[in-house]
Amino acid sequence: ERVALADTARFARIYRPNNSGATIETEPGANGYWLVNLHITARPTLSNQNTLISFGSGSSSQSDPSTIPTRIVLDRSIVRGRPDLTLRRCVSLQSRETAVISSLVLECHEKGADSQGIVGWNGPGPFLIANNLIEGAGQNVMFGGAHPAITGQHPADIVIRDNMIRKPEEWYVSKRWTVKNHLQFKHAQRVLILHNILENVWTDGQTGMSIAASSTNQGGGRTTWAETRDITIFENVFRNTDRGLVLNAVGSGAAGQAV
């Protein structure tokens, strides 16, 4: 079963004493970890933190495929910012063979920049994101949007199923955070989006799209091989969204491969 906020009383709580890095992060080549029943959050005295969980690195420090963390599962856990905390990323997936299941990913938000509940760009997958409640202001879930350090690599074999993907209504009222899309793919291959509820998105930082997909070489940079393709969207529920779905061959700026 998916966990609930009441379970925090029973879970081990983990937070970082400062905002210099992620609360949980992997070393190069980490392999074979199953994290269960954890409450991962930010120290109460912090006003901002970049990332709560980082499986792998999105930077040039992970430019060798042998350093990619592998076989990691986050299961029945609570990854949570605070209503007043600037938090750019709750979960960063720069890994392979990784799953986020039956968990809560909450209060991931920032003003004036993109923020994500779950994001990845420098890991090959496969990725399973299943039976979670996910909140993210910029994007609830996103793949691409930054340059992978491993040349020719694509985030691929991504399953997003049975999730509640939402932006809380109080974000609309307060206008405190920059809101864009539910799901966005700028560089992703072989994606299945199945049996999800996607709720509440409005025009703010963009036009309030529930799903946006394109092949995007972010900012006209070095990722000329960026390619988004083979996306299956099946039996989902879209509620209270300003826009539904946009599929563009290429994204803004210098594009990747148009498909």
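Shown here is Glu27, whose CD atom has no more than 12 heavy atoms of other residues, nucleotides or ligands within 6.0 Å.
Of the possible polar contacts, none joining the Asp75 side chain to the Leu35 backbone as a donor-acceptor pair under 3.5 Å is found. A donor-acceptor pair is defined here as one N or O able to donate and one able to accept, closer than 3.5 Å; such a pair exists between the side chain of Ser54 and the backbone of Gly56. A donor-acceptor pair under 3.5 Å is formed between the side chain of Asn37 and the backbone N or O of Arg76. In this structure, Asn181 contributes its side chain and Ala212 its backbone to no donor-acceptor pair below 3.5 Å. At least one donor-acceptor pair under 3.5 Å links the side chain of Asp64 to the backbone N or O of Ser66. In this structure, the side chain of Gln206 does not engage the main chain of Gly208 through any donor-acceptor pair within 3.5 Å. Using a distance-only test at 3.5 Å, with no hydrogens or angles considered, no donor-acceptor pair links the side chain of Thr67 to the main chain of Pro65. Panel note: side chain Asn122, backbone Gln62; a donor-acceptor pair is recorded below 3.5 Å. Looking at Asn217, its side chain does come within 3.5 Å of a backbone N or O of Thr223 through a donor-acceptor pair. Between the side chain of Asn31 and the main chain of Pro69, no donor-acceptor pair closer than 3.5 Å is present.
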Subject >> Worked verdict on Phe55 versus Tyr33 for ring pair (Phe, Tyr, Trp, His ring centres under 6.0 Å) >> reply: CA-CA 11 Å; Phe55 294 151; Tyr33 288 88; 9.3 Å; no

**OP:** Please report the C-alpha distance between Leu106 and Ile134 in whole Å, then the side-chain angles of each, then the deciding distance to 0.1 Å, and finally whether the side chain to side chain contact (heavy atoms under 4.5 Å, CB included) criterion is met.
**Re:** CA-CA 6 Å; Leu106 307 176; Ile134 306 170; over 6 Å; no

Original post:
Given the rule in the side chain to side chain donor-acceptor pair (under 3.5 Å) test, do Ser210 and His182 qualify, once you have shown the distances and angles that lead to the verdict?
Top reply: CA-CA 5 Å; Ser210 197; His182 282 132; 2.8 Å; yes

Original post:
Would Glu135 and Lys167 satisfy salt bridge (charged side-chain N to carboxylate O under 4.0 Å, His left out), going step by step from the backbone distance to the final call?
Top reply: CA-CA 6 Å; Glu135 297 176 351; Lys167 302 184 191 296; over 6 Å; no

Original post:
Could you walk me through whether Thr207 and Thr203 pass the side chain to side chain donor-acceptor pair (under 3.5 Å) check?
Top reply: CA-CA 4 Å; Thr207 58; Thr203 300; 5.8 Å; no

**OP:** Dump the intermediate steps for side chain to side chain donor-acceptor pair (under 3.5 Å) on Asp162 and Asn131, then the final yes or no.
**Re:** CA-CA 5 Å; Asp162 302 311; Asn131 191 34; over 6 Å; no

**OP:** Under the side chain to side chain contact (heavy atoms under 4.5 Å, CB included) rule, what do Asn200 and Glu169 come out as? Steps first, then yes or no, please.
**Re:** CA-CA 7 Å; Asn200 300 341; Glu169 292 182 3; 3.5 Å; yes

Original post:
After noting the C-alpha distance and the side-chain angles of Glu110 and Thr86, does the key distance pass the side chain to side chain contact (heavy atoms under 4.5 Å, CB included) rule?
Top reply: CA-CA 5 Å; Glu110 185 169 353; Thr86 295; 3.5 Å; yes

**OP:** Applying side chain to side chain contact (heavy atoms under 4.5 Å, CB included), run through Asp114 and Gln116 and close with a yes or a no.
**Re:** CA-CA 7 Å; Asp114 282 15; Gln116 297 90 24; 3.5 Å; yes

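Taking a 4.5 Å side-chain heavy-atom cut-off between Ile, Leu, Val, Met, Phe, Trp and Tyr, the cluster of Trp34 extends to Val36, Val73, Ile101, Leu128, Val159, Leu192, Leu194, Phe234.
Using a 4.5 Å heavy-atom cutoff, the side chains of Arg71 and Arg96 are not in contact. Proximity of Val201 to Val179: side-chain heavy atoms (C-beta onward) are separated by under 4.5 Å at one or more points. Looking only at side-chain heavy atoms (C-beta outward), Pro126 and Glu97 come within less than 4.5 Å of each other. When side chains are defined from C-beta on, Asn236 counts as touching Leu198, because their heavy atoms get closer than 4.5 Å. The shortest side-chain heavy-atom distance between Thr41 and Ile14 does not fall under the 4.5 Å cut-off.
No donor-acceptor contact under 3.5 angstrom links the side chains of Gln218 and Thr216, judged on distance only. Defined by atom type and a distance below 3.5 Å, a donor-acceptor pair is present between the side-chain atoms of Glu227 and Gln189. Looking only at atom types and distance, the side chain of Glu25 has no donor-acceptor partner in the side chain of Ser57 under 3.5 Å away.
Relative ring orientation between His187 and Trp225 is described as perpendicular, the plane-to-plane angle rising above 60° on a 0-90° scale split at 30° and 60°. Under the 30°/60° scheme for interplanar angles, the aromatic rings of Trp202 and Tyr172 are found to stand perpendicular.
Of the charged side-chain nitrogens involved, none lies within less than 4.0 Å of a carboxylate oxygen, so that Glu107 and Arg80 do not count as a salt-bridged pair. Taking a cutoff of 4.0 Å between a charged side-chain nitrogen and a carboxylate oxygen, Asp157 and Arg190 qualify as a salt bridge. Asp204 has no carboxylate O lying under 4.0 Å from a charged side-chain N of Lys180, or vice versa, which leaves the two without a salt bridge.
If you chain together hydrophobic residues whose side chains sit under 4.5 Å apart, Val100 and Ile160 fall into the same group. Residues Val119 and Ile150 do not share a hydrophobic cluster, defined by chaining ILVMFWY side chains whose heavy atoms lie under 4.5 Å apart. Phe185 and Trp121 fall into different hydrophobic clusters, where Ile, Leu, Val, Met, Phe, Trp and Tyr residues are linked whenever their side-chain heavy atoms come under 4.5 Å apart, directly or through other members. Under the 4.5 Å side-chain heavy-atom criterion for ILVMFWY residues, a single connected hydrophobic cluster contains both Leu74 and Ile72. Both Val91 and Leu85 are assigned to one and the same hydrophobic cluster, defined by single-linkage of ILVMFWY side chains at heavy-atom distances under 4.5 Å.
Taking both residues in full, the closest heavy atoms of Thr228 and Ser214 are given as OG1-O, 2.7 Å, listed atom of the first, atom of the second, then distance. Scanning all heavy atoms of the two residues, the minimum distance from Ile231 to Ala213 falls at CD1-CB, 3.9 Å. What you find for Arg222 and Pro148 is that their closest heavy atoms are NH2-O, 3.6 Å. Taking each heavy atom of Gly117 and Cys108 in turn, the nearest pair found is CA-SG, 3.8 Å. The heavy-atom pair separating Val105 from Cys90 by the smallest distance is CG1-CB, 3.5 Å. In plain terms, the two heavy atoms of Thr178 and Gly112 that are nearest each other are OG1-N, 2.7 Å.
Expressed to the nearest 0.5 Å, how far CG of Asn18 lies from CZ of Arg16 amounts to 5.5 Å. Rounded to the nearest 0.5 Å, atoms CG (Leu52) and CD1 (Ile78) are 12.5 Å apart. With rounding to the nearest 0.5 Å, the separation of CG in Asp7 from CG in Leu104 is 8.0 Å.
The side chain to side chain contact (heavy atoms under 4.5 Å, CB included) with Ile158 is formed by just one residue from the set Val191, Val141, Ile193, Leu93; it is Val191.
Residue pairs meeting the salt bridge (charged side-chain N to carboxylate O under 4.0 Å, His left out) criterion with at least one partner in residues 35-45, sequence neighbours excluded, do not occur; the list is empty.
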